[in-house]
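Worksheet for the structure shown next.
Every value quoted in this text rests on a predicted model; they were computed, and no experiment measured them.
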Amino acid sequence: YPKGESNVVDNLSLTIPQGKKVAFVGHSGSGKTTVTKLLLRAYAYTDGSIKIGNFELKDINADSLRQSIGYVEQHVDLFDDTIKNNILFGVDEKVLNKWAKSKEVDSKLEEVAKLARIDEFYNRLGEKKFETEIGERGIKLSGGERQRIGIARAIIKDPSILVFDEATSALDTVNEQYIKEAIDNVSRGRTTIIIAHRLSTIRGADKIFVLDHGQLVGEGKHEELMQTCSIYRDLVEHQELM
């Protein structure tokens, strides 16, 4: 992705195994978020190739891509409506109509609520439950609760790929643990990409990719990288992954 006269990522080659959980780490500006933006097609790539399975990313229908990827960012964009409508936001209209006819909506909501740990704060919602109005930008919810709504929104489409972009960075330790558990729940059987600074969020990843100035400088599990990658070790020692 061109930025001025240089590239944010350059000569980058990697494979994310299907159904596995991987993480991207690196100092600020190393290219972590750029990689996910490329995958989401928010940025156009002019050279090289990005493939999902055997399909070139550029050739995949935009609607199909949106339904195939669930994305949760640091600040989930909620609107002044019910929890139900915030979770269902982005689901294809044909799918919604199908659920409505078969009366599956409530069961779908309960399913994702359990996976995303929304059921942990049912007691705060009272009888209205999913019909609870959350206020502008979800102001009636805590930061951790908003993130869980975002996770439920991402997975109700049943995507094959999940992307978590700094989803726990603004949370306290207690809420971070809830979100970590939610991520563990929803990532089972799905290709999951995590960008995070906190070691606790990414330590259990099947593979960690270490980026530096847009290049891949290390890959492996936490214990392996502590032995083989000085940049990763430096991030951990300076608590930039904590």
Examine distances only and state if a side-chain atom of [X] and a backbone atom of [Y] form a donor-acceptor pair shorter than 3.5 Å.
X    : Y    : result
R190 : P159 : yes
E73  : F164 : no
K157 : S68  : no
R148 : A116 : no

Does a sphere of radius 6.0 Å around [atom1] in [X] hold more than 12 heavy atoms from other residues, nucleotides or ligands, not counting ones at 6.0 Å or beyond?
X    : atom1 : answer
Q227 : CD    : no
F55  : CZ    : no
E223 : CD    : yes
N97  : CG    : yes
Q18  : CD    : no

Task: For D184, side chain to side chain donor-acceptor pair (under 3.5 Å) partners two or more places apart - done: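 Partners of D184 under the side chain to side chain donor-acceptor pair (under 3.5 Å) test: K21, K180.
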- [ ] Please test V105 against L109 for side chain to side chain contact (heavy atoms under 4.5 Å, CB included), starting from the C-alpha separation and ending with a verdict.
- [x] CA-CA 6 Å; V105 175; L109 288 170; 4.0 Å; yes
Side-chain touch [X]/[Y], heavy atoms, less than 4.5 angstrom:
X    : Y    : result
V35  : L14  : no
E133 : D80  : yes
L39  : I52  : yes
T192 : I194 : yes
F130 : D106 : no
H27  : D234 : yes
V95  : E104 : no

To the nearest 0.5 Å, what is the distance between [atom1] on [X] and [atom2] on [Y]?
X    : Y    : atom1 : atom2 : answer
I231 : H213 : CD1   : NE2   : 8.5 Å
I83  : E131 : CD1   : CD    : 9.5 Å
D77  : N86  : CG    : CG    : 9.0 Å
I161 : Y71  : CD1   : OH    : 14.0 Å
I134 : D81  : CD1   : CG    : 8.0 Å
S160 : Q67  : OG    : CD    : 11.0 Å

TODO: Might you work through the side chain to side chain contact (heavy atoms under 4.5 Å, CB included) test for L211 and L216, ending with a clear yes or no?
DONE: CA-CA 5 Å; L211 299 181; L216 182 67; 4.0 Å; yes
Task: Of all pairs that satisfy ring pair (Phe, Tyr, Trp, His ring centres under 6.0 Å), the ones with a partner from residues 93-117, not counting sequence neighbours - done: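 Counting only pairs at least two positions apart or across chains, no ring pair (Phe, Tyr, Trp, His ring centres under 6.0 Å) contact touches residues 93-117.
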TODO: Take I151 and N185 through the test side chain to side chain contact (heavy atoms under 4.5 Å, CB included) and record every step on the way to the result.
DONE: CA-CA 11 Å; I151 292 173; N185 286 339; over 6 Å; no
Open item on the list: Are L141 and F89 connected into the same hydrophobic cluster when the rule is that any two of I, L, V, M, F, W, Y join if their side-chain heavy atoms are below 4.5 Å apart?
Closed with: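 Shared cluster, no.
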- [ ] State yes or no: do V76 and F79 share one hydrophobic cluster built from I, L, V, M, F, W and Y residues joined by side-chain heavy-atom distances below 4.5 Å, directly or via other members?
- [x]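 Looking at the clustering, F79 is in a separate group from V76.
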Ignoring hydrogens, what is the shortest heavy-atom contact between [X] and [Y]? Give both atom names and the distance.
X    : Y    : answer
P17  : V22  : CD-CG1, 4.2 Å
N61  : R41  : C-NH2, 4.4 Å
K129 : E110 : NZ-OE2, 2.6 Å
F209 : I16  : CE1-CG1, 4.1 Å
V72  : A154 : CG2-CB, 3.7 Å
F24  : K32  : O-CD, 3.6 Å

Open item on the list: Tell me which one of T191, I183, I155 satisfies side-chain contact (heavy atoms from CB on, under 4.5 Å) with L162.
Closed with: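 Going through T191, I183, I155 one by one, the side-chain contact (heavy atoms from CB on, under 4.5 Å) with L162 is satisfied by I155 alone.
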Open item on the list: I need the single residue from H222, R203, K221 that forms a side-chain contact (heavy atoms from CB on, under 4.5 Å) with I208. Which is it?
Closed with: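 With I208 as partner, side-chain contact (heavy atoms from CB on, under 4.5 Å) holds for just one option, H222.
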Open item on the list: Between the side chains of D59 and K51, is the shortest nitrogen-to-carboxylate-oxygen separation below 4.0 Å, so that they form an ion pair?
Closed with: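 Answer for the salt bridge query: no.
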Task: With sequence neighbours excluded, residues passing salt bridge (charged side-chain N to carboxylate O under 4.0 Å, His left out) with R66 - done: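 Salt bridge (charged side-chain N to carboxylate O under 4.0 Å, His left out) list for R66, sorted by chain: D63.
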Open item on the list: Is there a side chain to side chain contact (heavy atoms under 4.5 Å, CB included) between R153 and L78? Walk through the geometry before answering.
Closed with: CA-CA 10 Å; R153 177 192 286 173; L78 301 180; 3.5 Å; yes
